Every structure is written in C-alpha cells, then in structure tokens.
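Quick note on labels: first sequence line is chain A, next is B, and so on, each numbered from 1. Just so we're clear, the structure is a prediction, and the values are computed from it rather than from any experiment.
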There are 2 protein chains.
Amino acid sequence: MVHERLLETAISEFGAKGLDGASTRGIAAAARTAMSSITYHYGGKEGLYLATADYIASQMEDVPAGIRVGSEGFPQTPEAARAALHAMLGRMVDKLSSQRSESWSLFIVREQIRPTEAFDRIYAGPMGQMMEALVQLVCVAAGMCDAPASRITVITLFGQVLAFRAARATCERLFERSTTDPELIADLKKRIAANTDAILDSLISERQEQQ
Amino acid sequence: MVHERLLETAISEFGAKGLDGASTRGIAAAARTAMSSITYHYGGKEGLYLATADYIASQMEDVPAGIRVGSEGFPQTPEAARAALHAMLGRMVDKLSSQRSESWSLFIVREQIRPTEAFDRIYAGPMGQMMEALVQLVCVAAGMCDAPASRITVITLFGQVLAFRAARATCERLFERSTTDPELIADLKKRIAANTDAILDSLISERQEQQ
DNA sequence: GTCTATACTACGATAGAC
DNA sequence: GTCTATCGTAGTATAGAC
C-alpha cells in the first residue's frame with residue numbers, strides 16, 4: 001500500500017517537476033509517509049524515479065493487448081492488419097483520454113524530449129512492443145516490407161493520438177468542449193480511423209504507381 | 001543582454017522543472033548574473049515565468065507567416081488553401097526539428113497538459129492564430145464550413161508534426177537515425193504532405209457521400 | 001542596474017528509537 | 001518497516017552597497 005501510494009504520488013510530482021525539481025519531502029508528505037521510507041524502499045530519490053518509470057511501463061501492458069511481432073496471433077492479411085491497427089489506435093486514444101494518464105504522460109513526454117535511463121526502461125516494455133507492432137501492422141496492411149516509409153507513417157499515426165494529450169489545452173480551446181466528453185472522444189476515434197484508412201490507401205497507391 | 005540570457009536560461013530550466021521545480025539561483029547562475037536581478041527585472045520567480053511565456057510566444061511569429069483568418073491574403077480556393085496548409089505544416093516541422101525548440105517545447109507541453117496563466121499568454125499570440133488559420137484552411141481546402149470535423153482534423157494534422165518533437169526519443173529508436181538528419185526531416189515533410197492530401201481527399205469524399 | 005550580505009525556509013541523506 | 005531528529009546544503013526574498 002505504501003509502495004503504491006508512493007509511486008502514484010511520484011508519477012505526479014516527477015511528471016510535474018522532473019527528477020531534480022521534485023522533492024522527496026513533498027512526495028512523502030503527499031503519500032502520507034515519512035521521507036526516510038523513500039530511502040528505505042528505493043535507496044533514494046533516483047531509485048524512486050526509476051521505480052516510477054517501471055511502474056508507468058507496467059501500466060501500459062493492456063495497450064498492445066497481445067498483438068506482438070512474431071507471435072502466432074499476429075495479423076497476416078491486409079484486412080486483419082488494418083482492423084488490428086484501428087483497434088490498437090483506439091485503445092491508445094482511450095488510454096490517453098483517461099484522467100489517470102495526465103500524470104504519467106508528462107513524465108513520459110519529458111523523457112521523450114530529454115531522455116534519461118528511465119526512458120530505456122519504459123521503452124523496453126509494452127511501449128516498444130506497441131511501436132514495433134504498429135510498424136509491422138502498417139507493413140502488412142499496406143503490403144510493403146519494413147521500409148523507412150512505414151516507420152515514418154507510424155510516427156504520424158501515433159502523433160494523431162498523442163496530440164489529444166500532449167496538446168490538450170489547445171484541444172480544449174479548439175473544440176470549446178471538455179476533452180473528457182465521451183462524444184468528443186468517440187468523434188476523435190472515428191476521425192483517426194478514417195485518416196488511418198486514407199493514409200494506408202495512399203501508401204498502397206503510391207506503391208502501385210512505383211511499379 | 002541580461003534579459004535575453006535570463007529568458008533563454010529560464011525557458012530551459014522552467015521547461016525541465018516547471019515553475020515550482022526550477023530555482024532562481026540556478027537560472028541566475030546559468031545566465032551569469034545575480035539572483036536578485038530576477039527580482040529587480042521581473043518582480044520574482046512568477047514574473048520571470050510569465051515573461052518567459054511571452055518570450056516563447058514571440059518566437060513563434062514566423063510560423064503563421066502572415067496567413068491569418070480574415071486577412072486579405074487568406075486563401076480562397078481549395079487548391080490555394082491546400083498549398084498554404086502544406087506550407088504551414090512544413091514550417092511547423094522545421095520549427096519543431098530545430099535544436100532551439102527543445103527547451104521551449106517542454107515548456108509548452110507542460111502548459112498544454114497542466115495549463116496555467118502562461119498558456120493563455122502563449123495561445124493568445126501566434127499559436128492561437130496558427131491553429132485558427134489551420135481550421136479555416138482545412139475548411140476551404142475540403143469545401144466545408146467550420147464544422148467540428150474540421151477542428152478534429154486540425155488536431156490530427158497538428159499531431160503528426162508534434163510527434164516528431166513530443167515523442168522524439170521514440171522517433172530516434174524507430175528510425176535508428178538522428179532526428180536532426182536533414183534527409184529524415186525531408187522524408188517526414190513529404191509523408192506529412194501526402195497524409196494531409198489523403199486526409200483532405202477523404203473528407204471531401206465523405207461530404208459527397210452525405211449529399 | 002548590478003552586485004553582496006543576510007534571514008529564513010526547504011532540500012536529501014542518514015542515524016537511531018521503536 | 002516506519003517514524004523522529006539532525007546535519008549540511010541550497011532555496012526565495014529582501015536590504016543595502018556601489
């Protein structure tokens with residue numbers, strides 16, 4: 001219980017202020033425990049930071065949802081791959097829409113822009129699996145091998161989802177609606193699905209023109 | 001000169017650690033001045049934070065590049081709007097690819113996820129202009145009025161660009177190339193342009209089906 | 001305008017009570 | 001395993017020299 005409270009608070013504090021900026025005193029107080037328990041359980045501030053990264057990584061396990069490169073259930077036909085792509089992007093929207101994701105998204109974005117050892121830990125887990133799965137799904141869906149184009153496409157697809165969290169204040173202003181509105185989230189999912197289809201189709205026709 | 005050195009350092013420190021996390025001592029030391037000069041010039045830490053937001057906003061002035069809703073040069077035909085859209089997204093990629101954008105992008109993303117008064121100041125400037133211009137350009141390019149769909153589309157287009165900065169560490173891993181590589185940036189721009197065309201075309205055909 | 005000096009609060013780490 | 005107490009360092013703010 002103490003562990004979980006500490007980690008939850010740490011996500012929020014480290015997310016907001018970074019490793020240097022956050023204070024163990026503040027984290028311990030918010031988690032209703034003594035500061036020295038951080039030293040005891042995690043060896044110090046840095047230890048808690050890395051443990052927080054692992055904790056965040058573990059919370060993303062449901063996003064790839066078993067779709068893993070090389071696994072037996074991995075989609076083999078363009079149609080199946082496209083469906084899996086839609087499903088995975090949809091789960092990502094759900095994940096990033098949730099109130100819970102607010103704290104850890106700041107943590108991750110900081111690590112994305114200025115990576116430390118913590119990013120290695122996050123990427124080594126479900127996040128890396130998810131990105132590699134997306135690459136292979138795009139390849140299968142567009143009938144191409146693992147070309148640079150498919151990887152760039154994945155970043156643009158991911159970006160569509162990411163913007164809803166990483167540019168949230170802009171979304172609130174643009175939509176003049178709360179970004180937690182389920183109807184808005186449903187509309188966003190539909191639009192991302194339509195965009196994904198359009199992008200895949202344009203990749204396919206590009207390929208056909210080249211031949 | 002002291003002002004500029006202070007503001008540049010402040011972007012980086014506030015970006016990394018937030019308002020609470022960053023220290024005036026650290027900022028002053030890195031800007032090679034006395035800490036008390038922050039009090040003198042900006043009235044304190046918060047004053048410097050807001051001044052930093054204004055400074056960031058002022059640095060984005062070249063992105064809308066005069067394309068402003070209601071101005072006389074605003075594109076009126078679908079073709080012109082599409083070209084302007086490509087140009088503006090291209091300038092955004094350039095901006096976000098630059099080394100300089102690293103510090104202020106963290107500042108902005110933090111404000112996007114947990115907005116304070118500083119975000120109002122940033123959005124009131126070129127950033128808000130840019131987003132509203134994108135909305136109108138999508139409307140003109142897709143032959144639709146200011147529907148919710150156009151605003152959601154703008155977020156997805158923006159997300160494609162944003163990902164290159166806000167998910168940089170993921171990009172580095174996916175591409176196994178430096179994200180400052182000009183060739184990679186050129187490829188990304190081409191892909192975003194192609195995706196934008198595909199997305200606009202799908203918006204247009206959606207509209208035609210409805211009729 | 002820019003600096004030093006100082007008052008007071010908060011920081012991380014650690015030792016030791018229980 | 002969780003707490004309090006304490007040490008040395010670093011934080012903001014302010015007053016005042018120049």
Quick one: what's the B/S/- string for nucleotides 7-12 of chain C, heavy-atom cutoff under 4.0 Å, read 5' to 3'?
----BB

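Under the side-chain contact (heavy atoms from CB on, under 4.5 Å) criterion, A/Ser105 pairs with A/Arg165, B/Ile113, not counting sequence neighbours. B/Phe164 meets the ring pair (Phe, Tyr, Trp, His ring centres under 6.0 Å) test with no other residue; sequence neighbours excluded. Applying the ring pair (Phe, Tyr, Trp, His ring centres under 6.0 Å) rule to B/Tyr49 yields the partners B/Phe14, B/Phe107; only residues at least two apart in sequence or on another chain are considered.
At D/dT4, none of the side-chain N or O atoms of A/Ser36 fall inside 4.0 Å of OP1 or OP2 (strictly under the cut-off). The shortest distance between the side-chain N/O atoms of A/His3 and the OP1/OP2 oxygens of D/dG1 is not below 4.0 Å.
When rounded to the nearest whole Å, the span between CD1 of B/Ile38 and P of C/dC3 equals 11 Å. Spacing between atom OH of A/Tyr40 and atom C1' of D/dG1 amounts to 5 Å, rounded to whole angstrom units. Atom CZ of A/Arg5 is separated from atom P of D/dG1 by 16 Å (rounded to the nearest Å). The NZ-C1' distance, from A/Lys17 to D/dG11, rounds to 13 Å in whole Å.
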Counting only pairs under 3.5 Å, give me each side-chain donor-acceptor contact of residues 4-11 of chain B, with atom names and distances, residues two or more places apart or in other chains.
| unit_1 | atom_1 | unit_2 | atom_2 | d |
| --- | --- | --- | --- | --- |
| B/Arg5 | NE | B/Ala31 | O | 2.8 |
| B/Arg5 | NH2 | B/Ala31 | O | 3.3 |
| B/Glu8 | OE2 | B/Tyr55 | OH | 2.7 |
| B/Glu8 | OE2 | B/Arg100 | NH2 | 3.2 |
| B/Thr9 | OG1 | B/Arg5 | O | 2.6 |

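The side chain of B/His41 lies closest to C/dT2 when the candidates are C/dC3, C/dT2, D/dG1.
Within the 4.5 Å cutoff, no side-chain heavy atoms of A/Glu172 are placed close to those of B/Phe119.
Legend: salt bridge (Lys or Arg N to Asp or Glu O under 4.0 Å) pairs involving residues 147-163 of chain A, not counting sequence neighbours, sorted by first then second residue: A/Glu132-A/Arg151, A/Asp146-A/Arg151.
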